[in-house]
Amino acid sequence: MNVKERVLLIAETKGISKTEFFKEVQLSYANFKGGQKNTALSSDAMVAILSKHPDISPAWLLMGEGAMMRKDERNVVSAPLAETAPATAEGLGIYKQLVNALEQTVKAQEKTIQSLEGQVSLLQRK
């Protein structure tokens with residue numbers, strides 16, 4: 001299951017219509033259908049989703065790890081974050097988790113790139 005499929009699962013699990021869900025997070029539903037479903041999701045979109053739905057685990061959203069819903073209520077932001085909102089410990093926690101998850105994604109992609117470069121090198125020798 002990729003990131004966009006997990007986003008769709010959030011709406012389904014919460015019983016929110018997809019149209020309403022994407023309107024709420026200011027994204028286009030068209031980017032989650034057909035071939036577009038297999039394209040990357042921007043970090044801004046992930047922040048918007050996690051800000052509107054702070055009960056969603058950032059690690060699950062980004063990497064599919066763990067449970068969809070957070071179990072530790074201390075890390076849940078009680079109100080949506082806005083660019084002008086003052087920084088809170090809870091809000092910073094979400095962003096730190098998001099950055100950590102994105103860093104892990106980058107590391108995994110670097111390993112994949114190295115592996116693919118090795119395969120290309122082997123194929124070029126043949």
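Given the structure is predicted, the values throughout are model-derived calculations rather than measurements.
Summarising the geometry of W60 relative to A67, their closest heavy-atom pair is CB-O, 3.3 Å, with the distance given to 0.1 Å. Closest approach of F32 to L41, counting heavy atoms only: CZ-CD1, 3.7 Å.
Counting only residues at least two apart or in different chains, side chain to side chain donor-acceptor pair (under 3.5 Å) contacts with residues 21-35 comprise E24-H53. Sorted by first and then second residue, the pairs that involve residues 1-14 and meet salt bridge (Lys or Arg N to Asp or Glu O under 4.0 Å), not counting sequence neighbours, are K14-D55.
For the atom pair L8 CG and K18 NZ, the distance stands at 6.0 Å (nearest 0.5 Å). Atom CD1 of I49 sits about 9.5 Å away from atom CG of L62, to the nearest 0.5 Å. Rounded to the nearest 0.5 Å, atoms CE (M68) and CD1 (I10) are 6.0 Å apart.
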Could you list the donor-acceptor pairs under 3.5 angstrom formed between side-chain atoms of residues 107-125 and any protein atom two or more places apart in sequence or on another chain?
residue: T112; atom: OG1; partner: A108; partner atom: O; Å: 3.1
residue: S121; atom: OG; partner: R125; partner atom: NH2; Å: 3.3

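Using a 4.5 Å heavy-atom cutoff, the side chains of E65 and S57 are not in contact. Under the 4.5 Å side-chain criterion, counting only non-hydrogen atoms from C-beta, F22 is not in contact with I16.
One hydrophobic cluster, built from ILVMFWY side chains closer than 4.5 Å, cannot hold both V99 and L61; they sit in different ones.
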